[in-house]
Enquirer: 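Could you have a look at this structure, given as structure tokens, before my questions?
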Amino acid sequence: MNDYLDELNESQRAAVLYNDGPSLVIAGAGSGKTRVLTYKIAHLMNIGYDPWNILALTFTNKAAREMKERITRQVGERARYLWMGTFHSIFSRILRIESQALGFSSNFTIYDASDSKSLLKSIIKEKFDEAYKSLTDEEKDKYLKYYKVNLIQSRISNAKNQLIVPSVYMLDDECKRADRNDNISLLGEIYECYWERCRQDNVMDFDDLLLYTYILFRDNPEIRLKYALQFRYILVDEYQDTNCAQNAIILQLTTEYQRICVVGDDAQSIYSFRGAKIENILNFTKNFVGAKLYRLEQNYRSTQTIVGAANSLIKNNVHQIPKNIFSKNSQGDLIEIAGVYSDYLEGDFVARKIEYLHSYKKCSYEDFVVLYRANAQSRIIEETLRKNFIPYRVYGGLSFYQHKEIKDVLAYCRMAINPDDGEAFKRILNYPARGIGNVTLEKLLDASNAFGKSLWSILKEPISYGLNFNKGTTAKLQKFRELIEAIMAELNVKRVDEIGKTIIELSGIKKHLSLEKEEDKVKNVDELLKGMQDFCRNRYEEGDERVGLVDYMAEVALLTDQDMSDKEDFEKVTLMTIHSAKGLEFKKVFIVGLEEGIFPSEKCLHSETAIEEERRLFYVAITRAEECCYISYAENRSKYGTMEFSSYSRFLEEIDECYIDWPKKRRRMLDEGASRFRASQTSSSTARSPFVTRSQSLIDRYAERPAQPASAPVQQEARRFKKVSTIPSSRPSASPSVGGLQAGAVIEHERFGVGDVISVVGTGDNCKATVRFRNAGEKQLLLKFARFKVIG
DNA sequence: CCGATACGCATTTTT
DNA sequence: TGCGTATCGG
């Protein structure tokens, strides 16, 4: 029974066996963190803890799922009764049970970031007009320009993470001062309005799930005690990423037993922009008196070179828990640095290297990952990989659940569950088009604001709220109401996927999509319905007979693309940001764009804590590698980015020379870059936006010249090649393919006749295909304008 | 209600 | 650069 302990090394075993009080497990990269967590939970169950007395919190559904599977393998079906899941899913579960205490009802729905953004947008407008009634339009515009939704949203999110509710926010001097500084003094009122609107509509956003849990426990001692006594042992994964609210809730739940084990790695704390507080892990042993500290220092993932290089980098951080990560694997190759002339050559470097290792060293494509700082940097890499026929997939595009058609269907689900959900209402009131225009919606919105009632309540009895619609509109609204009520009637009667079917048929979505010939969208909706079916089947198998749409939506609202099962996506090179690579491992790692000043370097380097986080980010990138790491930079970047001396180059310099294979030129470039950067630091005026391309100087030079209208022949040409096919803006998931046009396809072009597609490169407006026409030779087509159809 | 056009804006994002 | 959105005219 105890044989699982033999599979652990000494420090892992010690961490698993200590269960008498709080403990902190510092788990270096690749040190078997998940193994410790799963074995520990299995161990707890073996020594007498019942599964429902154990709470295990993770940040991703994926982590929770994987851990559950592994524990099931150890202890069998009992694992099902563990309280294991993401912070958000576990807390939403508690909130649904205890919603009454907070003035919510248990069927509350969850706003994702775009829902709350859209709500905030309308609130900003409203509050602004209200406060500045007397101003002229020009003056209004002057003040309004400071109210950027993204900024407002992040401020409110920060406040919530810090447990600051609107009433406190409005009285807080520091908040007020900061807002006045940024010319957004109305923020407090906007926050309050947003807060009230969410309550009125019975919805919570992601931050609310944490904040309301905290409030629930704070204001209801008996409820807090109930859970604190139930969760006799609490485990937290990735503790370095917890924010204020999460930490506070953990403290609330552990006051009685103090049986808590948190696992994490301070060296991998890279989410401060989302509110994560590295202090939570650094100060754990102070916050939990008598906490034991365990260090997992043996790295099983990487070569000694990788580990050594990573160590030599991270030792420059002051704020960290000292540790000595080591590897007993082979020495391995040096980290290779490639300096190339341009961004495209950087792509070439990656492609050639991959092709070489694939063809001659028998590496599989899935052994490779290309990491970059920001998603926008993937484009050129994608282009060159496509040109070289190297299959790849990009993480971080538009998530499945963010697609319009999916959100539309889910909005119907949300309305059926919680008809007061305002954003869902706005989304579907006239989708598919049923002749209810903006004017009608505006009237409903005004009444909703005036009476503090949800849109649905207004819709149900418009006359009592002073709305007199004409006959036609009244009939249309009535029909919409009947539609929603018809779906509601099925809620507790039918299976989830059956309700899904009802929705797309009754609402007319199905008809609408097939009429529009939106094949991709139809496919996505089908996929969603299949997901519903799978959900039901899984729950039935677990013996949950009464699973309904409410349960489905509760789960789906907290799902992301990363949770989608990867279907037949083998043998592909992976492209992703460093952030999304955390927790993953690859044999060969490329880190590209090292010179990139993708975000203003002054912003990155302005504070010691910011520098340390960037250093940790680079640390994360390097430690993804099992075997080797290739780092590249381009001296010229033709389309995007500036030639600032990058923040990363400085980190590269910090890595001990003995781990790096330097090209000779590199030294010089770094030195020049460094002096250029220092110079720009002293003269403040040289700070440039990172989004200005190099050709900006040319544009500036000709800026004086009045704009010339396009010549007649050019206009004519443009008209003739009117856009016929839209290339999707998001990156295609499969390669080599853009907007459904693949290399190898046969097309018929209006002018050139039949031809074979050799390659397709670019995204968005910039997609170009190289086509070899049977009668006209090889041509480059700008897909945006090309008139053609695919015939094979 | 659509399409064409113009304009502004822009890290990282586990939920 | 290239995307989302606002705006206008048909």
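Only this structure's heavy atoms are used, side chains among them; waters, hydrogens and symmetry mates stay out. Reminder, nothing fancy here: chain letters follow the sequence lines and each chain counts from 1.
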Enquirer: Of the options dT14(B), dT5(C), dT15(B), whose atoms approach the side-chain atoms of Thr86(A) most closely?
Expert: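 Comparing dT14(B), dT5(C), dT15(B) against the side chain of Thr86(A), the answer is dT15(B).
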Enquirer: Atom NE2 of His512(A) and atom C1' of dC1(B): how far apart are they, to the nearest Å?
Expert: 12 Å
Enquirer: Does OP1 or OP2 of dT11(B) have a side-chain N or O of Asn375(A) closer than 4.0 Å?
Expert: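 Asn375(A) to dT11(B) OP1/OP2: no side-chain N or O under 4.0 Å.
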Enquirer: Is it true that Lys277(A) and Asp241(A) have a side-chain N and a carboxylate O under 4.0 angstrom from each other?
Expert: no
Enquirer: Closer than 4.0 Å, any side-chain N/O of Asn61(A) to the OP1 or OP2 of dT14(B)?
Expert: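 Asn61(A) to dT14(B) OP1/OP2: no side-chain N or O under 4.0 Å.
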Enquirer: Atom CG of Leu559(A) to atom P of dT15(B): distance rounded to whole Å?
Expert: 8 Å
Enquirer: Would you say dT13(B) has OP1 or OP2 under 4.0 Å from some side-chain N or O of Ser580(A)?
Expert: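 Yes, Ser580(A) has a side-chain N/O under 4.0 Å of OP1/OP2 on dT13(B).
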Enquirer: Within the structure shown, what part of the strands sits under 4.0 Å from Tyr271(A) by heavy-atom distance: base, sugar-phosphate, or nothing?
Expert: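 Result for Tyr271(A) = base.
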Enquirer: Answer yes or no for Arg434(A) and Phe480(A): cation-pi contact, defined as NZ/CZ to six-membered ring centre under 6.0 Å and angle to ring axis within 45°.
Expert: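 Judged by the rule (NZ or CZ under 6.0 Å from the ring centre, within 45° of its axis), Arg434(A) is not positioned above Phe480(A).
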Enquirer: Go through the steps to decide whether Ser92(A) and Ser89(A) satisfy the test side-chain hydrogen bond (donor to acceptor under 3.5 Å, both in side chains), and finish with yes or no.
Expert: CA-CA 5 Å; Ser92(A) 75; Ser89(A) 72; 5.9 Å; no
Enquirer: For the side chain of Phe206(A), starting at C-beta, report the closest nucleotide among dT11(B), dT14(B), dT15(B).
Expert: dT15(B)
Enquirer: When we call it a touch if two heavy atoms are under 4.0 Å apart, what does Asp241(A) touch: a base, just sugar-phosphate, or nothing?
Expert: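 If one applies the 4.0 Å heavy-atom cut-off, Asp241(A) turns out to touch a base.
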Enquirer: Over how many whole Å does the gap from Tyr372(A) atom OH to dT11(B) atom C1' extend?
Expert: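 To the nearest whole Å, that distance equals 13 Å.
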Enquirer: Looking only at the side chain of Thr60(A) (C-beta and beyond, no hydrogens), which of the listed nucleotides dT12(B), dT14(B), dT5(C) gets closest?
Expert: dT14(B)
Enquirer: Against the six-membered ring of Tyr431(A), is Lys426(A) placed for a cation-pi contact (under 6.0 Å from the centre, within 45° of the normal)?
Expert: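 No, Lys426(A) does not sit over the ring of Tyr431(A).
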Enquirer: Between dT14(B) atom C1' and Lys62(A) atom NZ, what is the distance in whole Å?
Expert: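 Nearest whole value for this atom pair: 10 Å.
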Enquirer: Have a look at Ser114(A) and tell me which of Glu423(A), Lys407(A), Gln402(A) forms a side chain to side chain donor-acceptor pair (under 3.5 Å) with it.
Expert: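 It is Lys407(A), the one option of Glu423(A), Lys407(A), Gln402(A) that forms the side chain to side chain donor-acceptor pair (under 3.5 Å) with Ser114(A).
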Enquirer: In whole angstroms, how far is the C1' atom of dT13(B) from the CG atom of Leu558(A)?
Expert: 15 Å
Enquirer: So Asn430(A), base contact, sugar-phosphate only, or nothing? Heavy-atom distance under 4.0 Å.
Expert: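 It contacts sugar-phosphate atoms only.
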Enquirer: Once you round it to whole Å, what is the distance between P of dT15(B) and NZ of Lys582(A)?
Expert: 12 Å
Enquirer: For Phe87(A) and Ala433(A), find the nucleotide of DNA chain B closest to each by heavy atoms; which residue's nucleotide sits nearer the 5' end?
Expert: Ala433(A)
Enquirer: Look at the side chain of Thr577(A) and decide which nucleotide, out of dC1(B), dT14(B), dT12(B), has an atom nearest to it.
Expert: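 So the nucleotide nearest the side chain must be dT12(B).
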Enquirer: Between atom CG in Leu57(A) and atom C1' in dT15(B), what is the gap in whole Å?
Expert: 13 Å
Enquirer: Would you please test Ile281(A) and Val262(A) for side-chain contact (heavy atoms from CB on, under 4.5 Å) and show each step?
Expert: CA-CA 9 Å; Ile281(A) 194 166; Val262(A) 306; 5.6 Å; no
Enquirer: Judged by each residue's nearest nucleotide on DNA chain B, which is more toward the 5′ side, Ile436(A) or Ala113(A)?
Expert: Ile436(A)
Enquirer: State whether Asn150(A) places a side-chain N or O below 4.0 Å from either non-bridging phosphate oxygen (OP1 or OP2) of dC9(B).
Expert: no
Enquirer: Which of the following nucleotides, dT13(B), dT5(C), dT11(B), is nearest to the side chain of Lys121(A)?
Expert: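 So the side chain of Lys121(A) is nearest to dT5(C).
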Enquirer: Tyr395(A) OH to dT11(B) P: how many Å, rounded?
Expert: 23 Å
Enquirer: Quick test of the criterion, 5.5 Å between centres and less than 30° between planes. Is Phe59(A) stacked on dT15(B) or not?
Expert: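 Stacking between Phe59(A) and dT15(B): absent.
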